[in-house]
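Shown next, in structure tokens, is the structure this report addresses.
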Number of protein chains: 2
Amino acid sequence: MPHAAATPQLLRRVNARSVLGVIRGTEVATGTELMARTGLTRASVIAVCEDLLRRGWIRELDARDEDQPGSPRKGRPARRFELNSRAGFVLGLDIGAATTTAAVADLRGTVLGRSSESFRAADIPAEERIDVVDRACRRALAAAGTSPASVLAVGAGIAAPVDRDGKVLVSQPFWSLFDVGLRSALKELHGWTVLLENDANLAALGERWRGSGAGVDDLVVLLAGERLGAGVMESGRLLHGRGGAAGEMGYLDLVQGVGSSDGIATLARQWSAAGGGPATGGEASARRVFEDAAAGDPAALAILDRLSERMARVIASVASFINPEQVVIGGAVAESAGALLPGITALLPRFTATPPRVTVSPLGDAIVTVGAIRHALDYVEANALELELGR
Amino acid sequence: MPHAAATPQLLRRVNARSVLGVIRGTEVATGTELMARTGLTRASVIAVCEDLLRRGWIRELDARDEDQPGSPRKGRPARRFELNSRAGFVLGLDIGAATTTAAVADLRGTVLGRSSESFRAADIPAEERIDVVDRACRRALAAAGTSPASVLAVGAGIAAPVDRDGKVLVSQPFWSLFDVGLRSALKELHGWTVLLENDANLAALGERWRGSGAGVDDLVVLLAGERLGAGVMESGRLLHGRGGAAGEMGYLDLVQGVGSSDGIATLARQWSAAGGGPATGGEASARRVFEDAAAGDPAALAILDRLSERMARVIASVASFINPEQVVIGGAVAESAGALLPGITALLPRFTATPPRVTVSPLGDAIVTVGAIRHALDYVEANALELELGR
DNA sequence: GTAATTTAGATACAAGCTAAATATATTGCC
DNA sequence: GGCAATATATTTAGCTTGTATCTAAATTAC
């Protein structure tokens, strides 16, 4: 069966989506502007707008509070429409092994509330874990001043492969809880639609939306923290692969001069191996390496040189096979990675024929929640006319 | 500007495309069958079919020559429609460094004619090179019994990166000729639309269409010959990357135990290093390795073991980052690679957590032309209603 | 030869769009 | 203050395409 038969109603749906898209992309829009941007006639534009007004997606501004110096203001005043950005809200979740962060955003993507909740221990039962996630959501919604009933979609990121349908492989003992379990729990509690995704994939969405990869269609985001994962966008679409494991970097074991998973832990290990300081591991010692290097300490500089080369090899291996326009380094190492950028950029041409631009994420800790919000908004925007509003 | 305004004519286009798609997928179709498959009413189906008949895309069969034992044959006889597979033709080109092969196919993809032409030397001028390609096309068309005017689209594969718009990087001194030069020459000579693609990408299209990857949405085809390249399909779409270099395997230089480009040349080199035979290089000696191995020669067996491991590493590196359902080995090594499959399959889990199914291409030398035909047909099918027929 | 069955064709109507004519509200000028 | 110019809004007629329903036609089965 191909797609259902195309009836005249399809036209309205297509055109309404198109008009709503333009309104979403501008502050306020008049009928004439919408005609120009959509190619529709005035009659159709007005009909669509009446429709969208009735459904609650847009609002009409009063005629009187116009004071923009935009145009010569001659002729009959135009009706002015704007997105009703408070018509509904979305939740973006970053579900980590130890902590869950929830962020609430309106339909323009403006973040209105945040909340983080930690798990009591690593081995708590499933119900408690879901409770903690739910609490983070409620608190973020309270901070945003809205209610669970106003949530149109929930984007959620976890540190495991998730396939195109939002399914987690059953072979993932820990994370598979968040597939059926979390989804049905939040559906039952609040009626929410949960869109599960891999955290690195969400990082890529976030980076392309509000990070340093804005508007780049062929983008790779390396999310480096406890784990090292890549979110790959090709032609503006996320890559998943058969089971959602696209972007997993297990192959790095095979790459010369890289070794296994990279990140802070490795950095700390190297630091301690260099004998230059207390091998306490963790973030603190990593920070000291950068401080010492900035102060000119040769041992610290050598560590950073080696680290630059390893990151260059990682990036090159991805770049030569995927050929992205840009690679963004995000996650826990992002803050410190800035110092390594010149070295990495200089080394890249040695390892790949298609060196990409390399940048560091400006989104910090929020990289996954921002992407989760974008993911939820994508869903809402694609299904706007099928969603019921106004609860 | 979003997509143009949706007018009522769009409905007809959508529904006509849908009807044509069903007819393309069946031998003959009655109105009632089309209603069931498209969800349209009889009136609409008939209107669309009259349209398609007038434009020449389908034919109506005579009422009298019906003798299928398909149905109980009661009631008023149905009008029967079939694809007019001779309404136009497509060309598939495999442009190699030494030889160009052209294949002609009808709208069902049945190959009707082939022709290969070799370049006189490696450094002949551009005009002569284009002449040779043109000659291969004309001879293939003559063999198929049709004329250049009936060609609706030309798919062409070259062994270099080609981006999404069919552009070749200027940094490719040899191949960039085939971008603007060949395209405009064939446009001028015959009015043809040339769709340039990377050869490995076309191999992937071909393998998914008529090879061992039929219907697999997440598919990687390794095209191994003079060069080693990969065609990557994710979710049924080809990956290109920013400059079309996605699937290039230069990163293998970084992979332990693989070395640089793989293939027959390497195999021959290894054979000669093993001291088991005349180091003449080339295909002949490669074939002897397999013969000797089949006969139980330990030196030859050792070479094949080592080769299996190297191919397993190559496949694993791709599989762990792209997570395809299946990897197909095609190109010059395909014939002999069958003997290596058990070894490769057994080794894969050692190198990747997501081992794909591995198969060998059944398409042989035709892998690129078959893919080029598929590529051209994709274009024709997507643009059927905008193309003029009947020249 | 008549009934049952299946498909074809015709008619009525609804949704949606365009195009063109008409109406309305504002600015600017005399 | 009144009037022209201007920009927008609204109305009306007509076209395309769809669905739904009814009637006609052609064939098989008994």
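Proteins get letters first, then strands, A, B, ... in listed order; numbering begins at 1 in each.
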Could you tell me whether the side chains of B/R86 and B/S150 share a donor-acceptor contact shorter than 3.5 Å? no

Return whichever of A/T30 or B/R42 has its heavy-atom-nearest nucleotide of DNA chain D closer to the 5' end. A/T30

Is a side-chain N or O of A/D218 found less than 3.5 angstrom from the main chain of A/S235, in a donor-acceptor match? yes

Would you mind reading off the bend of the helix from C/dG1-D/dC30 to C/dC30-D/dG1 from its two end axes, five pairs each, to 10 degrees? 10°

Taking side-chain contact (heavy atoms from CB on, under 4.5 Å) as the criterion, tell me which of B/R242, B/H240, B/E197 meets it with B/R164. B/H240

If the cut-off is 4.0 Å, is B/R76 near the phosphate of C/dA8, judged by side-chain N/O to OP1 or OP2? no

A/R80 CZ to D/dA7 C1', straight-line distance once rounded to whole Å: 15 Å

I need the CD1-C1' distance between A/I46 and C/dT24, as an integer number of Å. 14 Å

Take the protein atom CD of A/E33 and the nucleotide atom P of D/dA7, then report the distance between them rounded to whole Å. 14 Å

Closest listed nucleotide, where the reference is the side chain of B/A78 and the choices are D/dA26, C/dT7, D/dA9: C/dT7

To the nearest angstrom, the CE-P distance between A/M35 and C/dA20 comes to 13 Å

Atom CD of B/E60 to atom C1' of C/dG9: distance rounded to whole Å? 14 Å

Does B/E188, at its CD atom, have more than 12 non-hydrogen atoms belonging to other residues, nucleotides or ligands within less than 6.0 Å? no

A/A372 versus A/G155, closest heavy-atom pair with distance: CB-O, 3.5 Å

Would you tabulate the nitrogen or oxygen pairs shorter than 3.5 Å linking the protein to nucleotides 14-18 of chain D?
residue : atom : partner : partner atom : Å
D/dG18  : OP1  : B/N15   : ND2          : 2.7
D/dG18  : OP2  : B/R12   : NE           : 3.3
D/dG18  : OP2  : B/R12   : NH2          : 2.7

Among B/V104, B/D106, B/V380, which residue satisfies the side-chain contact (heavy atoms from CB on, under 4.5 Å) criterion with B/V90? B/V380

Using a strict 4.0 Å threshold on nitrogen-to-oxygen distance, state whether B/R80 and B/E60 make a salt bridge. no

Counting only heavy atoms from other residues, nucleotides and ligands, does the tally under 6.0 Å from CD of B/E27 exceed 12? no

Determine whether a donor-acceptor pair (N or O, by modelled atom type, separation under 3.5 Å) exists between the side chain of B/R13 and the backbone of B/L385. no

